[in-house]
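One structure is given below, encoded as structure tokens.
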There are 2 protein chains.
Amino acid sequence: MTDSATDARARLEQAGLEATPRRVAVLEALAALPHAPAAQELLDAVRRTTRMDKVTLYRTLDLLVEAGILQRHTGADGAFRHCMAPAGENAPHGHFQCTRCGVMTCLPPLPEALDAAALLPAGVTVEHVEVRLDGVCGRCRQG
Amino acid sequence: MTDSATDARARLEQAGLEATPRRVAVLEALAALPHAPAAQELLDAVRRTTRMDKVTLYRTLDLLVEAGILQRHTGADGAFRHCMAPAGENAPHGHFQCTRCGVMTCLPPLPEALDAAALLPAGVTVEHVEVRLDGVCGRCRQG
DNA sequence: TTGAAAATGCAACTCGGTTGCATTTGAGCC
DNA sequence: GGCTCAAATGCAACCGAGTTGCATTTTCAA
């Protein structure tokens with residue numbers, strides 16, 4: 001049993017979820033990736049070690065997002081990306097997405113300026129803040 | 001000819017685009033809406049005055065975004081929304097989207113804190129900043 | 001008026017994601 | 001070890017947003 005599998009099981013059980021093989025595999029695959037992958041890319045990664053249907057992946061992602069273990073973000077292409085929710089930290093972080101290769105990377109926590117409730121009309125409640133910077137990554141710029 | 005139609009024609013010609021009936025209709029419908037609609041909602045609105053195919057709408061939206069007349073934003077549901085690009089102003093503005101009714105509204109220009117190139121890894125170029133606050137709007141909160 | 005280019009419509013398609021339902025798995029119990 | 005039942009998974013069919021290819025219509029210049 002690898003460390004990452006142990007971590008994955010710990011987070012699942014801590015959230016009151018059964019540590020099934022696919023859930024562990026999803027968390028391991030996600031932790032091993034340096035960015036926030038689209039569903040298809042994550043599915044490919046998981047399948048290198050575990051058989052998994054795409055429906056199971058989507059249901060697993062829903063579950064893990066619901067449990068607060070993962071975060072879901074919208075890409076510029078309209079497809080969802082998922083990344084590990086930083087444990088114990090609640091300052092939102094933004095993402096950078098390359099318009100050429102589509103890779104989405106996590107950024108450090110945002111300055112609190114985005115807490116900007118001042119911008120909002122009265123009577124609304126904010127549950128989630130999404131900040132995405134779109135541009136060209138270093139790799140694509142050179143290639 | 002209404003004022004909004006005149007405005008629409010002006011913006012189109014200023015951008016070097018032909019002021020065709022559907023383009024004018026799209027701009028008028030968009031200017032009349034108090035929020036940034038999804039394509040289907042915009043199509044419904046346009047069709048109250050003009051016959052239009054959905055493909056034509058999508059192509060028109062592409063064109064107007066390309067020309068800088070409209071801005072395209074990604075909703076929490078992954079569908080695109082469009083709003084008028086504020087003329088002559090280039091500070092990005094964010095959006096609030098209600099997670100219940102899905103309505104996306106434009107916010108005032110963002111504090112410059114988001115210019116946060118400091119957050120970025122070296123070698124990347126930012127072309128577009130997307131800020132979206134998700135929550136519950138006043139109307140949905142009461143209803 | 002006419003001819004070419006641009007704009008539009010229509011049909012079929014892609015892609016990300018979801019739903020319904022049958023089957024398998026696995027934790028708890030004997 | 002073998003049961004049992006709920007939860008987890010797989011499979012097929014589906015849905016909605018957006019796209020592509022191509023035929024038709026409109027528009028503008030000559």
Side-chain angles (χ1 to χ4, degrees), chain A residues 5 8-9 12-13 15-29 36-47 49-67 69-82 97 99 102-104, chain B residues 8-9 12-13 15-29 36-47 49-67 69-82 97 99 101-104:
Chain A
R9 284 164 191 279
L12 285 165
E13 277 154 21
L17 299 175
E18 223 177 286
T20 71
R22 345 257 133 184
R23 290 177 190 167
V24 172
V26 167
L27 287 179
E28 284 195 85
Q40 186 59 55
E41 183 184 354
L42 182 54
L43 190 55
D44 291 343
V46 168
R47 281 178 171 164
T49 68
T50 312
R51 164 187 188 186
M52 178 147 74
D53 189 79
K54 70 166 180 170
V55 176
T56 305
L57 175 61
Y58 284 117
R59 285 195 279 234
T60 301
L61 290 174
D62 282 350
L63 193 77
L64 297 178
V65 168
E66 188 70 18
I69 299 176
L70 300 187
Q71 288 180 2
R72 171 171 296 159
H73 301 283
T74 49
D77 54 2
F80 294 129
R81 318 273 155 152
H82 293 82
Q97 186 174 21
T99 54
V103 168
M104 177 181 280
Chain B
R9 283 164 190 281
L12 285 165
E13 277 154 20
L17 299 175
E18 227 177 280
T20 70
R22 346 258 133 180
R23 290 178 189 167
V24 172
V26 166
L27 287 179
E28 284 195 86
Q40 186 58 54
E41 183 185 353
L42 183 55
L43 190 55
D44 292 343
V46 168
R47 281 178 171 163
T49 67
T50 311
R51 166 191 184 178
M52 177 146 74
D53 189 79
K54 71 167 178 168
V55 176
T56 305
L57 175 61
Y58 283 117
R59 285 196 278 235
T60 301
L61 291 173
D62 282 350
L63 193 77
L64 297 177
V65 168
E66 188 71 18
I69 299 176
L70 299 187
Q71 289 181 1
R72 170 172 297 158
H73 301 284
T74 49
D77 54 3
F80 294 130
R81 318 270 154 154
H82 294 82
Q97 186 174 21
T99 54
C101 63
V103 168
M104 177 181 280

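Each chain gets a letter, A, B and so on, in the order the sequences are listed, and its residues count up from 1. Note that these values count all heavy atoms, side chains included, but never hydrogens, waters or copies made by symmetry.
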Can you establish whether the number of heavy atoms outside A:E66 located under 6.0 Å from its atom CD is more than 12?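 Atom CD in A:E66 is not packed in, count stays at 12 or less.
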
Tell me the interatomic distance from [X], atom [atom1], to [N], atom [atom2], rounded to whole angstroms.
X	N	atom1	atom2	result
B:R72	D:dA17	CZ	P	15 Å
A:L57	C:dG17	CG	P	9 Å
A:Q40	C:dT14	CD	P	15 Å
B:M52	D:dT24	CE	P	23 Å
B:L61	C:dA7	CG	P	15 Å
A:L43	D:dG10	CG	C1'	13 Å
A:D62	C:dG16	CG	C1'	13 Å

Below 4.0 angstrom from OP1 or OP2 of C:dT18, is there any side-chain N or O of A:Y58?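 Answer no for this pair, as no side-chain N or O of A:Y58 is under 4.0 Å from OP1 or OP2.
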
Nearest 0.5 angstrom please: [X] [atom1] to [Y] [atom2], how far?
X	Y	atom1	atom2	result
A:D53	A:T56	CG	OG1	5.0 Å
B:T99	B:D77	OG1	CG	11.0 Å
B:E28	B:R23	CD	CZ	15.0 Å

Note: B:R72-B:D62 ion pair, threshold 4.0 Å (strictly below):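 Salt bridge present between B:R72 and B:D62.
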
Show me the protein contacts with nucleotides 11-16 of chain D, counting only N or O atoms at under 3.5 Å.
unit_1 : atom_1 : unit_2 : atom_2 : d
D:dC11 : OP1    : A:R51  : NH2    : 2.7
D:dC11 : OP2    : A:R51  : NH2    : 3.3

May I ask you to test the [X]-[Y] pair for a side-chain heavy-atom distance under 4.5 Å?
X	Y	result
A:L27	A:L70	yes
B:V103	B:Q97	no
B:H82	B:V65	yes

Applying a 4.0 Å non-hydrogen cut-off, can you work out what B:A39 is touching in the nucleic acid: base, sugar-phosphate, or nothing?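 B:A39: backbone/sugar contact only, no base atoms under 4.0 Å.
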
Mind checking side chain to side chain donor-acceptor pair (under 3.5 Å) for B:Q40 and listing every partner two or more places apart, or none if nothing turns up?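 B:Q40: side chain to side chain donor-acceptor pair (under 3.5 Å) contacts with B:D44.
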
Under 3.5 Å, which protein N or O atoms sit close to an N or O of nucleotides 4-8 of chain D? Give each pair with its distance.
unit_1 : atom_1 : unit_2 : atom_2 : d
D:dA8  : OP1    : A:R23  : NH1    : 3.0
D:dA8  : OP1    : A:R23  : NH2    : 2.8
D:dA8  : O5'    : A:R23  : NH2    : 3.3

